Q: 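Pasting in a structure now, in structure tokens, and then I'll have a few things to ask.
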Amino acid sequence: MPRRKKSEGWIRKRRAPVAPRWRRRSQAGDSSSSRKRELDVESVTVTPDQVCGWCATDETAVDAFQGWASKRSESRRECGIGRAGDLRRPPVVSIAPPLDRAALRPGHVLEIAGPSGSGKTELLIQAAVSCILPASFNGVSYGGSEAVVLMFDLDGRFDIARLTSVLKARINAAHKDDTASNSICLEEQGEEVLRASLRRFYCLRCFKSFEFLASLKSLHIQSSRISQEHHGKAVQLVLIDGIGSFYWLDWMSSCAAAYTSRRTLGVQRFSELIVQELRNLRNTKLFLVLATKALLYAPPKRKAIASRIQYREYMPAAWQRFVTHRLFLQPPPQAASGARVFTAQWDKPSLVEKDEFFIHNHGVQVVTKIVDEHL
Amino acid sequence: MAPLRTLGFASLTPRVLEFLERNKIVTVGDFVSQELDSGVEDPEIQKFKSELATFLEECHGKWENGDEMLQKNLQAGSLSTGFESLDSLLKGGLKDGTITELVGPSSSGKTQLCMHSAACVAYHHKFSVAYVDASSSFSAERVLQMMCGRRCSSIAIEDDVKEAMRRIFCFKVYDVHGLLEVLHSLYDPASSFPGPVHLRLVIVDCLASVLSPILGGNNAQGHTLMMSVAQILKSIAINRNICVLITNNTVAAEDEELKPALGESWKSVPHVRLMLAKDHDNNSCTVTLLKHTSLACDAEVTFCFDRG
């Protein structure tokens with residue numbers, strides 16, 4: 001707030017005298033209950049093994065605390081996550097960099113936003129591959145979660161060939177480390193693991209918001225069938241490619257609603273219903289939601305390099321409240337020669353460090369972590 | 001939408017009907033757009049909900065697992081464009097179920113490439129081609145020249161060339177509503193339009209000439225019409241398993257380079273984007289792969305158009 005002189009009409013507000021902190025604490029009565037209110041942690045019994053599972057392998061204490069502490073500023077009720085619940089839920093083991101910075105847990109919703117060609121679908125494919133691979137098979141460790149992944153392809157551009165090539169590259173990399181078995185057995189095993197992993201990946205294409213909503217509703221009613229097919233393995237990851245794909249079409253129907261007597265749904269109402277259905281699905285079993293969003297309006301190029309990424313939010317409020325984390329991606333500059341480097345910057349939680357990554361045939365590879373000095 | 005009563009559900013008992021009337025649900029759309037909290041314990045209503053869920057799944061597509069999708073992908077064919085170097089760049093040519101966009105400044109060879117692909121598909125692959133001409137640049141003589149090569153003469157045209165020319169259907173459109181009408185009739189072959197059989201390729205040349213005039217301004221109706229065109233093109237490509245080839249102009253970007261026209265929202269529509277550049281000194285055309293769903297980008301090839 002800028003300071004004003006008394007002559008400009010600044011009225012000094014008189015504040016009631018505030019007691020010093022030591023006096024306030026003794027006046028609060030039971031100090032243990034006030035402590036509990038501050039930290040808001042229920043009494044939880046945890047085992048040392050559980051505690052070891054909360055931190056990722058290379059995560060420092062500062063990073064872990066940043067990830068946990070960043071959630072305190074979010075609106076918890078909308079997320080459906082209690083503060084104490086964070087400590088009790090197991091962490092997502094299979095998230096690969098650059099998504100691992102924000103300590104994602106089941107129940108979170110990550111929105112990956114960026115202009116066209118910035119690598120959003122690649123990150124979804126990377127997360128899906130880590131999820132559908134088995135942890136180990138016949139003694140070879142593949143490092144996956146062996147869980148079911150559901151993908152809603154709202155863009156209509158998902159290519160199974162790309163998912164398969166990344167999966168094959170991961171399987172071959174795991175086989176290279178294993179020198180005990182012979183190559184023919186490994187090849188057959190690789191085929192078997194590939195097909196079993198692909199069977200845990202489900203994809204549905206939607207061309208309208210109504211189809212998306214209808215499939216969410218029917219999935220909610222028939223969710224037990226998929227878990228039965230996979231011997232009780234629940235859905236761990238839900239991917240939505242292109243959450244803003246139907247924005248203009250829904251906008252058109254909300255304009256047309258003024259002229260028709262039928263109940264037509266507009267952008268806001270569709271968004272509210274979709275968020276409600278996702279919450280209903282989450283009530284049965286918690287899963288992580290990764291959604292990609294294409295930026296409809298190109299961000300101003302010159303400013304984006306110096307400061308934080310400027311963007312124009314177009315998704316309705318219901319979806320914005322549902323999102324707990326946001327990551328921005330930037331494509332490599334067009335005039336760049338040599339390797340094409342993509343940039344990822346966390347907006348929610350707001351982190352200073354940026355990640356750079358390449359996109360190879362075998363997936364996403366993080367290169368260096370640069371500090372944004374302009375912030 | 002039809003009322004639920006008329007869809008012939010076996011589990012639609014009078015009690016369920018009463019529940020639906022209480023919640024003012026008449027059609028499937030009403031059921032989907034409402035949040036139903038009450039009545040969840042009733043087993044009859046649960047049975048009706050699961051039957052309706054199965055019905056919705058059948059209407060809007062079933063969940064496919066990755067294995068099935070991979071088998072379908074391996075069996076999907078691809079159409080040759082007529083240029084071997086371009087086919088090798090695209091690893092087979094124009095794939096079924098994809099939208100390929102040709103981007104380039106004026107006279108960079110986009111229409112020539114479209115007509116060459118149409119000629120190749122009609123003559124060599126023997127499939128029908130729907131050529132939607134929005135820029136009045138389609139020339140039957142040029143297509144005939146491309147099919148016959150240097151042996152072309154106006155007197156004696158062979159029968160198979162005649163048959164191939166009959167497989168190319170040209171639709172002239174002059175505005176976006178005409179374009180939407182033609183595309184809807186191509187999507188739904190049961191409509192009154194005399195649709196071609198064995199349709200494998202739909203070419204739209206040039207989209208920017210019908211869409212650029214309606215974009216911009218104070219209202220956003222131009223954007224919604226553009227996205228309706230995008231939706232119908234995607235439906236044609238994916239649901240009917242057809243290759244779609246579209247052309248687009250370029251506009252100047254901030255750093256004096258060329259970028260595709262039709263804005264940021266259009267960038268998420270095509271599966272494959274190719275940039276064309278013409279070298280007028282030696283009549284060669286350079287094609288750069290700007291965007292692909294599964295291949296690495298920035299590879300380029302050069303070829304020449306046969307002047308006949």
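As the structure is a prediction and not an experimental result, all values here were calculated from the model. A, B, ... follow the sequence lines: proteins, then strands. Residue 1 opens every chain.
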Q: Give the intermediate values and the outcome of side chain to side chain contact (heavy atoms under 4.5 Å, CB included) for residues B/Thr98 and A/Asp159.
A: CA-CA 10 Å; B/Thr98 60; A/Asp159 200 347; over 6 Å; no

Q: Considering non-hydrogen atoms only, spot the tightest contact between A/Arg157 and B/Lys267 and give its length.
A: NH1-O, 3.7 Å

Q: In terms of heavy-atom pairs under 4.5 Å, which option from A/Leu150, A/Val166, A/Ile359, A/Thr121 contacts chain B the most?
A: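 Among the listed options, the one with the most contacts to chain B is A/Leu150.
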
Q: Is A/Phe207 close to B/Asn239 at the side-chain level, that is, under 4.5 Å between some pair of heavy atoms?
A: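 B/Asn239 vs A/Phe207: side chains touch.
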
Q: I need the B/Leu74 CG to A/Ile160 CD1 distance, nearest 0.5 Å.
A: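 CD1 of A/Ile160 is found 10.0 Å from CG of B/Leu74.
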
Q: Select one option (side chain, backbone, both, neither) describing which atoms of B/Lys291 are under 4.5 Å from chain A's heavy atoms.
A: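 When you check distances to chain A, only side chain atoms of B/Lys291 fall under 4.5 Å.
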
Q: Rounded to the nearest 0.5 Å, how far apart are CD of B/Glu264 and OG of A/Ser116?
A: 6.5 Å

Q: Mind checking whether B/Leu56 and A/Ser215 have side chains closer than 4.5 Å, heavy atoms only?
A: no

Q: Can you give me the closest heavy-atom contact between A/Gly156 and B/Ile238, atom names plus distance?
A: O-CD1, 3.3 Å

Q: Got a second to check how far B/Gln221's CD is from A/Trp251's CH2, nearest 0.5 Å?
A: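 One finds 5.5 Å between CD of B/Gln221 and CH2 of A/Trp251.
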
Q: OH of A/Tyr202 to CG of B/Asn65: how many Å apart, nearest 0.5 Å?
A: 5.5 Å

Q: Hey, does B/Trp63 have a side-chain heavy atom less than 4.5 Å from the side chain of A/Leu219?
A: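 Result yes, sub-4.5 Å side-chain heavy-atom pair found.
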
Q: Select, from B/Ser228, B/Ala237, B/Ser265, B/Ser268, the one with the greatest count of heavy-atom pairs under 4.5 Å involving chain A.
A: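 Most pairs with chain A among the choices: B/Ser268.
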
Q: What part of B/Leu70 gets within 4.5 angstrom of chain A, counting heavy atoms only: side chain, backbone, both, or neither?
A: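 B/Leu70 touches chain A through backbone and side-chain heavy atoms alike.
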
Q: At a heavy-atom separation under 4.5 Å, does A/Phe270 approach chain B through its side chain, its backbone, both, or neither?
A: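 For A/Phe270, there is no contact with chain B at all, as no heavy atom is under 4.5 Å.
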
Q: List for me each residue that meets salt bridge (Lys or Arg N to Asp or Glu O under 4.0 Å) alongside B/Lys72, sequence neighbours excluded, and say none if there are none.
A: B/Glu64

Q: Rounded to the nearest 0.5 Å, what separation is found between the CD atom of B/Glu58 and the OG atom of A/Ser218?
A: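 Between B/Glu58 CD and A/Ser218 OG, I get 11.0 Å after rounding to 0.5 Å.
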
Q: Can you tell if the side chain of A/Asp155 reaches within under 4.5 Å of the side chain of B/Lys234, non-hydrogen atoms only?
A: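 Yes, their side chains come closer than 4.5 Å.
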
Q: Let me confirm one number: the CG-OG1 distance from B/Asp67 to A/Thr164, rounded to the nearest 0.5 Å.
A: 9.0 Å

Q: B/Ala220 versus chain A, heavy atoms under 4.5 Å apart: side chain, backbone, both or neither?
A: both

Q: Go through the steps for B/Met227 and A/Met252 under the test side chain to side chain contact (heavy atoms under 4.5 Å, CB included), then give the verdict.
A: CA-CA 10 Å; B/Met227 295 323 282; A/Met252 183 164 65; over 6 Å; no

Q: Could you check A/Arg162 against B/Thr293 for side chain to side chain contact (heavy atoms under 4.5 Å, CB included), going step by step and ending with a plain yes or no?
A: CA-CA 7 Å; A/Arg162 180 66 188 147; B/Thr293 47; over 6 Å; no

Q: Report which part of B/Glu51 has an atom under 4.5 Å of a heavy atom belonging to chain A: side chain, backbone, both, or neither.
A: neither

